Every structure is written in structure tokens, then in C-alpha cells.
Amino acid sequence: MGDESINSRKKCETNKYDVIIIGGGIAGLAAANYFVKNGMDDFIILEARKRIGGRIISIPLKNHSVELGANYIHGVLGNPIFELATGNGLVNIINVPKPHKVIAATEDGKQVPFGVLHEIHEAYVCFLRRCEEYFLCQYLPPPDIHSVGEHINLEAAIYLERLPNSEEKKLRRLIFDCLLKRETCISGCNTMDDIDLLELGSYTELQGGNIVIPSGFSSILEPVTKNISPDKIIKNVPVIKIIWDTEQHSSSRFEEVGDESEDSDQTVIEDISKASPEKAGDTSEGQTNVTEKSSKKFSHCVEVVCENGQCFYANHVICTIPLGVLKDKAGTLFEPALPQYKLDSIERLLFNAVDKIFLEYERPFLNPDITEIMLLWESPPMPEDVSKSWFKKIYSFVKVTETLLLGWVSGKEAEYMETLSMEEVGATCTKLLRKFLNDPFVPEPQTCVCTSWKKQPYTRGAYTAIAVGASQSDIESLAQPLFRNVHDKKPALLFAGEHTHGSFYSTVHGAYLSGQIAARRLLTPEFAAENVLEGPESNDLNNWIQGVQLDG
């Protein structure tokens with residue numbers, strides 16, 4: 001047993017770190033960057049993919065670079081991503097908005113008068129703001145109205161009642177329906193009937209609008225990673241087990257993990273701690289001393305097991321695994337199991353598909369003044385099979401450049417689209433454009449690229465939304481770190497990612513801040529003099545905001 005103890009101790013020392021960060025998305029990278037800036041380099045990042053960035057990925061087409069994931073910096077003031085971008089010359093501080101001319105067309109190719117479109121858009125924004133007020137003002141909605149969709153549809157019905165002409169009502173109703181489809185892509189849901197009315201205002205919108213990074217959103221990764229040594233990031237190592245309380249649950253884990261763990265340090269601790277007094281008395285004094293030393297040094301190892309059989313050990317783990325993967329894997333990923341309140345919150349929150357369709361053309365074919373074509377689909381009298389109607393969820397095509405169009409689709413329709421070939425999607429979109437533009441000569445795209453975020457095994461969806469029956473407290477529950485026992489000053493298992501930020505969920509800056517929060521929690525109080533004021537990303541109110549709100 002003495003030799004076994006020594007071997008297991010060596011194994012734990014080989015892949016032993018103070019902190020393991022699971023996930024090389026922006027949350028994990030932000031945590032690592034924070035460690036490095038504050039003089040702590042005893043960490044490793046384990047990334048399941050062969051690349052870093054998570055849901056941030058830009059790829060080249062023939063003549064364009066396109067964003068498969070994160071598209072915009074959402075807001076300016078207090079946004080650390082905007083600070084990073086401006087400090088590294090990635091965006092122009094003076095953001096002059098381009099003219100935005102939207103046309104809306106019905107299925108028969110007739111364009112809606114702009115005045116009507118503007119009228120309904122203004123009313124819709126007003127209805128949406130009223131939905132947000134329930135969270136902010138704490139008053140109750142009408143009886144039996146629980147979702148954002150139900151509330152907006154009620155307001156729209158009341159608004160349209162004043163119109164005597166049925167055709168006028170119908171046209172305006174189509175615009176409301178189109179705007180609600182757009183909202184499903186913004187919120188990340190199948191239908192706005194899924195989004196809790198009382199919680200819509202829990203999301204905090206930063207002022208300044210949506211900012212595009214001209215060189216591609218992926219370029220934000222360079223300033224975040226430039227201080228992180230490449231050997232601190234191990235790619236292509238999916239994690240299959242996080243054993244975060246080895247003292248409490250040491251007996252069952254070896255059956256599940258397999259042969260790789262049979263000579264681990266915890267085996268020795270388990271043998272001694274569970275041995276009968278008689279057997280313990282048989283152990284020689286030298287062997288007992290070795291084991292005691294091993295137990296004291298490594299009894300707090302968190303063990304992380306990877307798909308390839310590799311095991312890593314640490315005092316703390318920061319888990320940035322997306323909510324969609326937690327929905328699929330939380331039941332088997334953690335040992336011991338996560339507390340029931342966390343599992344319930346994972347279940348209640350939404351993490352649906354939101355996908356993009358990029359259409360690249362050889363030459364321009366749209367009027368240069370037009371920037372977006374809204375598609376006003378009529379609602380069918382009966383529910384349709386998704387295989388025959390998925391494309392009706394595409395609410396518009398936006399002109400990214402003169403030869404690049406972008407369409408969005410969400411929910412079950414997006415999941416179905418992910419099963420189709422890109423050629424089939426491109427052909428379908430061509431039919432839609434010809435139909436709504438009333439132009440049989442709309443060309444076929446040179447290239448069609450579709451995302452498949454629901455199908456991606458290390459994402460399983462787009463971003464977090466608060467479903468009917470869920471609340472901001474569910475996000476806060478997910479963010480709560482876990483301790484092995486009440487005497488520990490620092491948690492063994494911490495959580496980060498956009499799904500753990502109570503007011504900035506679904507955003508890159510929410511994920512980034514959550515990674516910093518987790519790292520700060522582990523550094524305090526050992527590193528009293530933190531170096532947070534250095535760097536271009538810290539030149540406005542963001543540090544003050546973090547100092548007041550984000551310590552935890």
C-alpha cells in the first residue's frame with residue numbers, strides 16, 4: 001500500500017493545479033486573464049473543441065468574413081467588451097450609424113406603406129417596454145397573462161380594435177406577428193409565449209446600441225488571451241466527469257470513471273478511511289505515515305476526468321460549460337450530484353436554438369437603399385408540420401453588404417433547419433426572396449452557410465432565456481459556488497458563463513464579467529493588492545460597477 005500511495009501521489013502532482021477552468025470561451029478566458037494579471041499562473045484551461053472562443057467564431061466566405069456566433073457588442077457604458085475593443089483599436093469610438101431603410105412585404109409581393117410599418121413598430125416597442133415594467137415596478141399583470149407573448153398579443157388586439165377596416169387590421173396584425181418572431185431570436189426562445197412576463201425586465205440593457213467589430217468578433221479573443229501562455233490551454237479534451245467532493249463521494253466514483261482512477265490518491269485515502277480498525281492496525285508505521293501525508297496534501301483534490309482518459313486535479317474548478325450542455329449532462333457530469341436547487345434551475349431556464357443563414361452572392365441585386373426585407377407571413381388556420389413550414393419563422397433578410405444577406409430563425413424551426421443541407425436551405429431562401437420581392441430573377445446564392453448551435457455537442461443551443469415559471473433567482477442559483485464543507489473559506493466548484501449573470505445573461509459581456517467574478521472570488525484575500533486598474537479595458541465606470549456589485 002505504501003508504493004501505491006507514492007504512485008498515486010505522483011499522479012496527482014503531475015496534472016495538479018490550483019485551479020482548473022473548464023471551457024475556453026470568453027468566460028473561461030476572462031477568468032484566466034484575471035489570474036495572470038494578478039500574478040497567479042497555477043491554472044489550466046480544458047477546452048472540448050479544437051479551438052477557443054466558444055460561441056464567438058468568425059469564418060471567411062469567398063468575399064466576406066461572417067459571424068457564426070456573437071454578432072454585436074451590446075451597449076457601451078460599463079461594457080468591458082467595448083472597453084477591450086476600443087482599447088485595442090478594434091472599433092471606432094465615434095460610431096456613426098448607417099441609414100437603415102426597411103421594407104416589409106406580404107406573401108403576394110406587395111410592399112407595406114412605410115408609415116404603417118413605422119406606426120406598428122412604435123406601438124410594439126411601447127408594448128415591449130410595458131412588459132419590462134412589471135419586473136421594475138413590481139405590479140401585477142392582467143389575470144391569466146403570464147408570458148410576454150400573451151401580453152403583447154393582448155395589447156395588439158386592443159390597439160387594433162379601433163380600426164374599422166378589416167384589411168387594415170390584418171396588415172397591422174402581420175407586422176406585429178413578424179416583430180414577435182424577431183423577438184424570439186433576440187430572446188432565444190421558440191415563441192414569446194415561453195418568456196416569463198414578470199422577468200423580462202431582469203435583463204439590463206446597456207446604453208449605446210449594438211456595435212459591430214469590423215475585423216470580426218473573434219478578434220476580441222486576441223487581447224483577452226495575449227497574456228495567457230499557450231501551454232495553459234489544452235484543447236480537444238471534452239470533460240466527462242467533475243468529482244468535486246472527493247471526501248464525501250469517494251467510494252462510488254471509481255466504478256464510473258474506470259481503470260484510469262484506480263491508482264489515484266483518493267483510492268489510498270478511501271482504503272484507509274474505510275478500513276476496519278483491525279486492518280488499520282495491521283498497517284506498518286511507515287506506510288501509515290506516507291498515507292497520512294498523502295491524505296493531508298491531496299484530500300481536497302477536485303478530479304476532472306476527460307473523454308480521452310486523462311485526469312486533472314485541482315483545489316478549485318471554474319465550470320463555464322454552457323447551460324444547454326448542463327441540461328443534457330448535469331445529471332451524470334458532477335459527482336456528487338449538484339444540489340437539487342441547481343438542477344431545478346437548470347431545468348426551468350430556456351436554452352433554445354437560434355440560427356443564422358448567410359447568403360453570399362456574386363453581384364448585388366437589391367436596391368442599394370434597402371437594408372432589410374421583412375417577411376409578413378400569414379398565420380395558418382391550423383398548425384402546420386414543421387418540415388413544411390420551418391422557413392416561415394424567418395422574419396427578415398438583412399443586407400450585411402451589397403452581396404451578403406443574413407436571415408435568422410429560432411426554436412423548433414431552427415432545430416429542423418439544422419437537419420437540412422445548406423444547399424436545400426439556400427434554395428428555399430431563394431424561393432422566399434423571389435416570392436416576397438415579386439421578382440422571379442432573384443439569383444441563387446453563390447454560397448449558403450447555416451449555423452447549427454443546437455446540434456453542436458459542446459453548446460446545445462444559443463443563449464439563456466427566462467421561461468414562464470423561471471426567474472432571475474434561477475440564474476443566481478446557477479452562479480452560486482459549491483463548498484465541500486462549512487469550514488472551507490473558498491469554494492471547490494464555481495460556475496461562470498452568460499447563464500450565471502443575473503442581469504447580463506445571453507451576452508458576451510455577461511459571460512466575461514462572470515469569469516472575472518469567479519477568478520476574483522478565488523484570489524481574495526490572498527492577493528490584497530489587485531492589479532485591476534491596468535489595461536485599456538478599465539478606463540470607465542466598469543471598475544466602479546464591479547467594485548460595488550460584483551464582489552462575491
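Because the structure is a prediction, the values reported are computed rather than measured. Computation of the quantities below employed the complete heavy-atom set of this structure, encompassing side-chain atoms and omitting hydrogens, waters and symmetry-equivalent molecules.
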>> What verdict does the side-chain contact (heavy atoms from CB on, under 4.5 Å) test give for L200 and F135, after you've listed the backbone C-alpha separation in whole Å, the side-chain angles of each residue and the deciding distance to 0.1 Å?
In response: CA-CA 7 Å; L200 185 68; F135 178 85; over 6 Å; no
>> Tell me whether S473 contacts the main-chain N or O of E476 through its side chain, where contact means a donor paired with an acceptor under 3.5 Å.
In response: no
>> Does E222 have more than 12 heavy atoms from other residues, nucleotides or ligands lying within 6.0 Å of its CD?
In response: yes
>> Between I466 and L350, is the side-chain contact (heavy atoms from CB on, under 4.5 Å) condition met? List the steps.
In response: CA-CA 6 Å; I466 299 182; L350 286 178; over 6 Å; no
> Parallel, tilted or perpendicular for F504 and H501, by the 30°/60° rule?
Replying inline: parallel
> If you take all heavy atoms of S471 and L349, which pair is closest and at what distance?
Replying inline: O-CD2, 4.4 Å
> Between E424 and T428, does any side-chain donor sit less than 3.5 Å from a side-chain acceptor?
Replying inline: no
>> Between F397 and F436, is the ring centroid distance below 6.0 Å?
In response: no
>> I'd like to know if the side chain of T184 and the backbone of T191 have a donor-acceptor N/O pair within less than 3.5 Å.
In response: no
> Heavy-atom count around K169 NZ within 6.0 Å, excluding the residue itself: above 12?
Replying inline: yes
> Is the Y416 ring parallel, tilted or perpendicular to the W390 ring (thresholds 30°, 60°)?
Replying inline: tilted
> Between K455 and R460, is there a donor-acceptor pair closer than 3.5 Å when you use the side chain of the first and the backbone of the second?
Replying inline: no
> Is K327 reaching over with its side chain to a backbone N or O of E347, donor-acceptor style, under 3.5 angstrom?
Replying inline: yes
> So do the side chains of D355 and V409 get within less than 4.5 Å of each other, counting heavy atoms only?
Replying inline: yes
>> With a 4.0 Å cut-off on N to O distance, would you call E360 and K62 a salt bridge?
In response: no
> What pair of heavy atoms forms the shortest contact from C185 to S410, and how long is it?
Replying inline: SG-CB, 3.8 Å
> Does K412 offer a backbone N or O that forms a donor-acceptor pair with the side chain of K393 under 3.5 Å?
Replying inline: no
>> Could you tell me if N367 and K101 have a donor-acceptor pair between their side chains, going purely by distance under 3.5 Å?
In response: no
> Is a donor on one side and an acceptor on the other found under 3.5 Å between the side chain of Q111 and the backbone of I103?
Replying inline: no
> Looking at the rings of Y134 and H151, which for Trp means the six-membered one, are their centres under 6.0 Å apart?
Replying inline: yes
> Do you know the tightest heavy-atom contact between V400 and L406?
Replying inline: CG2-CB, 3.7 Å
> Judged by modelled atom types alone, do E47 and Y458 share a side-chain donor-acceptor pair under 3.5 Å?
Replying inline: no
> Taking the six-membered ring of F334, is NZ or CZ of K329 closer than 6.0 Å to its centre and within 45° of its axis?
Replying inline: no
>> Donor-acceptor pair, distance only, cut-off 3.5 Å: does the side chain of K241 make one with the backbone of T332?
In response: yes
>> Is it the case that atom CD in E119 sees more than 12 heavy atoms from other parts of the structure closer than 6.0 Å?
In response: yes
> What do the steps show when you test V398 against L405 for side-chain contact (heavy atoms from CB on, under 4.5 Å), and what is the final call?
Replying inline: CA-CA 5 Å; V398 177; L405 297 183; over 6 Å; no
> Yes or no on side-chain contact (heavy atoms from CB on, under 4.5 Å) for F217 and I56, after CA distance, side-chain angles and deciding distance?
Replying inline: CA-CA 7 Å; F217 213 117; I56 297 175; 3.9 Å; yes
> Less than 4.0 Å between a side-chain N and a carboxylate O, is that true for K356 and E67?
Replying inline: no
>> Quick check: closest heavy atoms across K235 and I52, and the distance to 0.1 Å?
In response: CE-CG2, 4.0 Å
> Between Y203 and Q472, does a side chain to side chain donor-acceptor pair (under 3.5 Å) hold up when you go through it step by step?
Replying inline: CA-CA 9 Å; Y203 172 79; Q472 188 182 45; over 6 Å; no
> Do S58 side-chain atoms and S218 backbone N/O form a donor-acceptor pair below 3.5 Å?
Replying inline: yes
>> Assess, by modelled atom type and distance only, whether the side chains of R173 and N153 contain a donor and an acceptor separated by less than 3.5 Å.
In response: yes
> Does a side-chain heavy-atom distance below 4.5 Å link I475 with H499?
Replying inline: no
> Any side-chain heavy atom of Y512 within less than 4.5 Å of one from Y34?
Replying inline: no
>> I'd like to know if the side chain of E107 reaches the main chain of E378, judged simply by a donor and an acceptor atom lying under 3.5 Å from each other, with no hydrogens or angles considered.
In response: yes
>> Please determine whether a side-chain nitrogen of the Lys or Arg among R129 and E132 lies less than 4.0 Å from a carboxylate oxygen of the Asp or Glu.
In response: yes
> Hey, do the aromatic rings of F351 and W453 have their centres closer than 6.0 Å?
Replying inline: no
> Any side-chain heavy atom of H146 within less than 4.5 Å of one from P141?
Replying inline: no
> Is a side-chain donor or acceptor of N33 paired with a backbone partner of L29 at a separation under 3.5 angstrom?
Replying inline: no
> Would a 4.5 Å heavy-atom cut-off, applied to side chains only, mark C178 and L375 as touching?
Replying inline: no
>> Under 3.5 Å, is there a donor on one side chain and an acceptor on the other for S202 and Y505?
In response: yes
> Between H74 and N210, do the side chains contain an N or O donor and an N or O acceptor separated by less than 3.5 Å?
Replying inline: yes
>> Run the salt bridge (Lys or Arg N to Asp or Glu O under 4.0 Å) test against E372 and tell me which residues pass, sequence neighbours left out.
In response: none
> Any idea which heavy atoms bring L343 and L338 closest together, and the distance?
Replying inline: CD1-O, 3.6 Å
>> With a 4.5 Å cut-off on side-chain heavy atoms, are I373 and L437 touching?
In response: yes
>> If the test is side chain to side chain contact (heavy atoms under 4.5 Å, CB included), which one of D328, T464, T459 qualifies with L323?
In response: T464
> Do L46 and I21 touch side chain to side chain, with heavy atoms closer than 4.5 Å?
Replying inline: no
> R348 and salt bridge (Lys or Arg N to Asp or Glu O under 4.0 Å): which partner among D194, D196, D474?
Replying inline: D474
> Closest heavy-atom contact between P457 and V325?
Replying inline: O-CG2, 3.7 Å
>> A side-chain contact here means heavy atoms from C-beta on lying under 4.5 Å apart; do M382 and P380 qualify?
In response: no
